[in-house]
Amino acid sequence: MQPSDDRVFAAFCASGLWPGLGITLAGALAEAGIRTPGDVTTSALASLPKVGQLRAGRLLSAFIAAQPAYDIVALLLQAGLAPRLAGRCVEIFGPGALRLLKDDPWRLLQLSGVSVADADALARAALPGILPSDDRRSRALVGWVLTQVARDGDTLATLERVTDDLLSYRVADPQAAIAAACEAGAVEAVSTVLDSTLALTRYAEAEREIASSVHRLTDAAKQIGQVRPARRRKAGEDIDPDGLDSVQRSAVDNALTHGLSVLTGGPGTGKSRTVATLVREAERAGKSVALAAPTGRAAKRLAELCDAEAMTIHRMLGVQPRSDTDDDGNARVDFSAGFARGADWPLDQDIVVVDEASMLDVELAAALLRACADGTHVLVVGDSAQLPSIGPGQVLADLIGSNTVPVVELTTLYRQEAGGAIARLATAVRSGSLPAVDSPEREVVIVPARGSAECAHRVVQLMTDSIPRALEIPAEQIQVVTPVHRGPAGTLALNAALKAVLNPPKAPSGKGFSRFDEGDRVVATANHLEVSPTGFANGEVGVVTKVADKVVTVDFGSGPAEISGKALADITHGWAITVHRAQGSEFRAVIVVLPPEAGRMLSRPLVYTGLTRAQRHLSIVHGTGPALAHAVHDIRNKPRRTALRDFLG
DNA sequence: CGTAAGCC
């Protein structure tokens, strides 16, 4: 049944798809007699409250320009789907979106968060009488299944897995569907040493390009500077005059010799010190070094530790948002578009160092290596035991596992806490075991709790009372780290509880614009390097020092930031942060919370990343009952299924 | 079954 004109119009106006029309104005339309598209005229719009001729004219042209989205809203309503989807349809498929969707409604599956049932509903609305056995459906589902797999980090899926999934969605002939999807080009067959697998073409191409770049860089490399003869060392000491041990020294030598090499190891083993030495020696040899990392926080830390410029990989490669201005001046921004730096215009530096490489997904790695000309030396630095990348792939682990590039693994701990309970626990978890904690000096404390509410209670107790009292570590130096945002032991609830004790609101609420009080701990959730005076990076934790005149001043440790306007949306309370966001930061004392409802997402990298954030004290609050050992022994360490190792070999 | 970077 066709929804009536005014129903479509109302849904369209309420869904934010009409640029310039806010909620208030949308609510006032009906009263002004604007109920269908035919009612939208300059004079009718000008009769709205606070709308003059100029604004009315702008609203009218925005309405006309939004016609493609409007038509899709009608179709979506007919299918019983959310009108909001229309905006993303136009973004992805362009102004001809309606036509494309009517030709093949299952293209809707290309939008994230759309279910197969949603796409089927759209198909029934767009093409009455359509059969579920339609070839377009089967073909689209092949790509969709692989996209689901990629959300878990895999770039490959076995034929068996894809076939089973297709059957579960009532695709009668999976083999034919797969053949059709391959024919269409979105999917390709990849044979690995183990299995016949399928991959989305974009990821297979990325992994192939990484492998060929590695070979190209390896073949083209020429020695930089001179390989140093072994330095004289004091008897019994394995430290050279630069303060590097022999293993660290070999990593520097690898980087000066090979086109691509890897430096890996846990926290405190001297990866950064090694990179800093490489930078110094390269500069001494008259060679330039580019320092980069996947995240702003990691780049900022790298810059501090090496006392040199560092930036995100995106920025280094000159990410080029494709800002199509469509016919009516509506900006469409697409950041997946491409990079200024590539084979045609490679990076200028002789050596490229990329830190925190565990966060590299296949597409970013491919882009990075593409931008390295023959003769460039790339040093890949990271800890493959930490959380894997958000995007698909496991570039660092595959480079290490391929045995085709030189790898140096640092294992000696050099921090003062070396040999302490945190370090022992980290080393054990890193290799997959969880020994009973033996820490009479209370460097590591295990706090069992029953249920997530009790977890939350224990966290507040530890941070506001036990740790400051018993260990003389003030709350300001304690960081809570949890796997989740939601739930009683997620960041939202914990921050509310911690604020109530540590920094209750001073003025009655209604002070105005700000969610923050002086003394609040905050964490950045996006990069704002432009904020004066020094900018801040995602994941940085700071304290609010001043709230005034619509400006929140935060002391981030790396310096103060005066935050106002849109940037304010990118800080939140930060007494408790997620493990993911804590990656790349360390704190004097850390409380790791493992609530029962996070059990399903527990993984070895998650636990390892969480507990290695702690420098001097670690409390683990676990809600898995007396079965902690059991829970952690069973931590699954499911490697991602990828093609890179096969392509490299 | 929930986490989550980067870019204008």
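Here is the naming used below: chain letters follow the sequence lines, and residue numbers restart at 1 for every chain. Worth knowing before you read on, the calculation uses all heavy atoms, side chains too, and leaves out hydrogens, waters and symmetry mates.
Proximity note for A/Asp152 (side chain, C-beta onward) versus B/dA4, B/dG2, B/dG6: the nearest is B/dG2. Checking B/dG2, B/dA5, B/dC7 against the side-chain heavy atoms of A/Arg581 singles out B/dA5 as nearest. If you check B/dG6, B/dA5, B/dT3 against the side chain of A/Ile390, the one that comes closest is B/dA5. With distances taken from any side-chain atom of A/Thr295 to the nucleotides B/dG6, B/dC8, B/dA4, the minimum falls on B/dG6. Closest to the A/Asp361 side chain, of the nucleotides B/dA5, B/dC7, B/dT3, is B/dA5.
Between the CG atom of A/Asn538 and the C1' atom of B/dT3 there is a distance of 13 Å, rounded to whole Å. Atom CE in A/Met359 sits roughly 13 Å away from atom P in B/dC7 (whole-Å rounding). The nearest whole Å value for the distance from the CG atom in A/Asn527 to the P atom in B/dA5 is 9 Å. The interatomic distance linking A/Arg151 (CZ) with B/dA5 (C1') rounds to 16 Å, in whole Å. Regarding A/Phe536, its CZ atom lies at a distance of 12 Å from the P atom of B/dG6, rounded to whole Å. Taking atom CD of residue A/Gln148 and atom P of nucleotide B/dG2, one finds them 15 Å apart after rounding to whole Å. Between A/Leu594 atom CG and B/dT3 atom P there is a gap of 15 Å when expressed in whole angstrom units. Here B/dG6 presents its C1' atom at 10 Å from CZ of A/Arg315, a figure rounded to the nearest Å.
Ion pairing between a basic and an acidic side chain is recognised when a charged N comes within 4.0 Å of a carboxylate O; A/Asp383 and A/Arg430 show such pairing.
Between A/Asn538 and A/Arg581, the side chains place a donor N or O and an acceptor N or O closer than 3.5 Å (distance only, hydrogens not considered).
Of the residues near DNA chain B, A/Pro483 and A/Ala526, the one whose nearest nucleotide (by heavy atom distance) lies more toward the 5' end is A/Pro483.
Among residues two or more places apart in sequence or in another chain, the salt bridge (Lys or Arg N to Asp or Glu O under 4.0 Å) test is passed with A/Asp118 by none.
Residue A/Thr578 places at least one side-chain N or O closer than 4.0 Å to OP1 or OP2 of B/dA4. Regarding contacts with the backbone of B/dA4, a side-chain N or O of A/His485 is found under 4.0 angstrom from either OP1 or OP2. OP1 or OP2 of B/dA4 has not a single side-chain nitrogen or oxygen of A/Ser389 nearer than 4.0 Å.
Side-chain atoms of A/Arg613 come within 3.5 Å of backbone atoms of A/Thr609 as a donor-acceptor pair (strictly under, hydrogens ignored).
No contact: A/Gly391 has no heavy atom under 4.0 Å from any strand.
Between A/Phe339 and A/His314, the ring-plane angle classifies as tilted under the 30° and 60° cut-offs.
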